Amino acid sequence: MYIIGELINGMYKNVARAIAERDKTFVQSLAQLQVEAGAAALDLSCGPLSRSPLDDMLWLIDVVQDSVQVSLSLDTTKLNIMEEGLKRLRKNGIINSTSADLERLEAYLPLANKYNASLIALTMDKKGVPQDKDRRLELAAFILDVAQRNGLSPSSIFLDPILMPINVAQNQLFGILEALRDFKLLSDPAPKTVVGLSNISQGAKDRRLINRTFLTMAQGFGLDSAILDPLDEALMESLIAGELILNKTIYCADFVAAYRKSKRI
Ligand code: THG
């Protein structure tokens, strides 16, 4: 599982404060803790309250790159912020994200090519987030078709079915699992898949229990990557056990410790 740490997000009040006050130490420690806990990449988002989102994103990129070596996922809906951010990256990044709208795809696909970045593509368009699996698949097929015509390999694309909160869309969750499985059948080579895991429990009780249970199920449906909280230890242990059961790592008596060591977690 390719783990993208979610914690450097202005959606969290303390992160929004750290960004506004240019509190480098706070952001760098969040970066280091997530990488030590197993994140292979870090998602960076200034959040909805940012007054100068471009300056804030460039500042985040610089301070995070000064403290850890992992790839960065630039989480912004603004094209100019994405491009300025990509220019600053010291290693290959992740564009988070484009929708399935043709004009957005035609803007973001060339950026992915130019900066050698992976591209997260959400299966939503101007009509909104799909309510069922078939519409998610239809949009995924469209994304892959446009990607192919723009010369980007499906293996550089992470399809995101958009995980919805359980308290508003309980009846969609199984369809989302099926979409994760079926996305992989749409092209050869197959696209990758990703979800923003914590979305599922926004506004719910027992958030961590819901997060880790969904993650386990999504692993069974072939999920490749998740934006999640790597500091949630029960979640990470459950993830490791899931990888073991799917035969992605070799069993040994102390498998959690062995996995952490092999990934230098
Ligand atoms: N897909 C893609 N990118 C994404 C998402 C996605 N980026 C953002 C988000 N979804 C994933 N990251 C988070 C980060 C935090 C939370 C959820 C998803 C979260 N935050 C607390 C909340 O809203 O309750 C904040 C609590 C606080 O203020 O302290 O749950 O789906 N491609």
Side-chain angles (χ1 to χ4, degrees), residues 1-20 26-27 30-31 33-34 37 39-50 53 56-57 60 71-78 81-82 85 93-101 104-105 108 112 117-125 128-130 136 139-140 143 156-169 172-173 176-177 179-180 183 191-212 214-215 218 223-232 235:
M1 181 72 56
Y2 187 76
I3 298 163
I4 305 174
E6 74 177 8
L7 294 176
I8 305 181
N9 190 316
M11 200 195 289
Y12 295 101
K13 282 200 192 75
N14 52 2
V15 177
R17 181 207 54 80
I19 296 171
F26 184 89
V27 171
L30 262 187
L33 286 169
Q34 291 184 92
L42 297 177
D43 193 56
L44 303 184
S45 167
C46 303
L49 298 176
S50 168
D56 287 356
M57 181 60 92
L60 274 181
S71 290
L72 301 182
S73 156
L74 307 185
D75 194 343
T76 170
T77 53
K78 300 272 183 324
I81 298 180
M82 189 63 77
I94 303 166
I95 295 174
N96 187 12
S97 53
T98 175
S99 63
D101 293 302
R104 288 183 75 81
L105 285 167
Y108 284 92
S118 303
L119 176 63
I120 298 180
L122 309 174
T123 56
M124 66 176 286
D125 64 3
V129 177
R136 286 185 162 87
L139 291 172
I143 291 164
S156 296
I157 299 203
F158 286 87
L159 291 173
D160 182 337
I162 310 182
L163 185 51
M164 301 296 290
I166 193 164
N167 62 355
V168 299
Q172 286 192 39
L173 296 176
I176 290 171
L177 290 168
L180 288 169
F183 285 168
K192 300 201 167 75
T193 54
V194 65
V195 294
L197 184 65
S198 302
N199 298 3
I200 193 178
S201 60
Q202 276 176 318
K205 285 202 169 145
D206 291 325
R207 291 196 65 171
R208 291 175 174 217
L209 175 61
I210 291 172
N211 292 347
R212 67 179 179 265
F214 185 84
L215 182 67
L223 181 69
D224 296 300
S225 172
I227 304 168
L228 53 70
D229 175 5
L231 304 189
D232 179 342
L235 174 69

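Not measured: the values here are computed from a predicted model. We count ligands from 1, going down the list as the structure has it; atoms in each ligand are counted the same way.
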Quiz prompt | Closest to atom 24 (O) of ligand 1 among Met164, Gln202, Met11, Arg207 (heavy-atom distance) | solution = Arg207
Quiz item: Going by distance alone, is a donor N or O of one side chain under 3.5 Å from an acceptor N or O of the other, for Ser99 and Asp125?
Solution: no
Quiz item: With a cut-off of 4.0 Å, which atoms of ligand 1 are near a heavy atom of Ile120?
Solution: 32 (N)
Exercise. Taking all non-hydrogen atoms of both residues into account, name the closest pair between Val129 and Met164 and its distance.
Key: CG1-SD, 3.9 Å
Exercise. Return yes or no for this condition: an N or O of Asn9 is under 3.5 Å from an N or O of ligand 1.
Key: no
Quiz item: What residue and atom, counting heavy atoms only, is the protein's closest point to atom 1 (N) of ligand 1, and at what distance?
Solution: Asp160 OD2, 2.7 Å
Quiz item: Among Ile4, Val195, Asn199, Asp43, which one has a heavy atom closest to atom 18 (C) of ligand 1?
Solution: Asn199
Quiz prompt | Nearest heavy atoms of Leu74 and Gly85, plus distance in Å | solution = CD1-C, 3.6 Å
Self-check item: Residue and atom name of the nearest protein heavy atom (relative to atom 3 (N) of ligand 1), distance in Å to one decimal
Solution: Asn96 ND2, 3.1 Å
Quiz item: What protein heavy atom is closest to atom 29 (O) of ligand 1, reported as residue, atom name and distance in Å?
Solution: Tyr12 CD2, 3.4 Å
Quiz item: Heavy atom under 4.0 Å from ligand 1: found in Asp75's side chain, backbone, both, or neither?
Solution: side chain
Quiz item: In the protein, which heavy atom is nearest to atom 17 (C) of ligand 1, and how far is it?
Solution: Ser198 CB, 3.5 Å
Quiz prompt | Numbering as shown, the atoms of ligand 1 that approach Gly196 to under 4.0 Å (heavy-atom distance) | solution = 6 (C), 31 (O)
Quiz item: For Ser201, does its backbone N or O pair with a side-chain atom of Arg207 as donor and acceptor, under 3.5 Å?
Solution: yes
Exercise. Identify the protein heavy atom lying closest to atom 14 (C) of ligand 1, giving its residue, its atom name and the separation to 0.1 Å.
Key: Glu6 OE1, 3.7 Å
Quiz item: Less than 4.5 Å apart, any side-chain heavy atom of Ile95 and any of Met82?
Solution: yes
Quiz item: Between Phe214 and Leu173, what is the shortest heavy-atom contact and its length?
Solution: CE1-O, 4.3 Å
Quiz item: Does Tyr12 have Arg17 sitting over its ring (NZ/CZ under 6.0 Å from centre, angle to axis within 45°)?
Solution: no
Practice problem: Taking Ser73 for its side chain and Asp43 for its backbone only, find out whether a donor-acceptor pair lies under 3.5 Å. | Solution: no
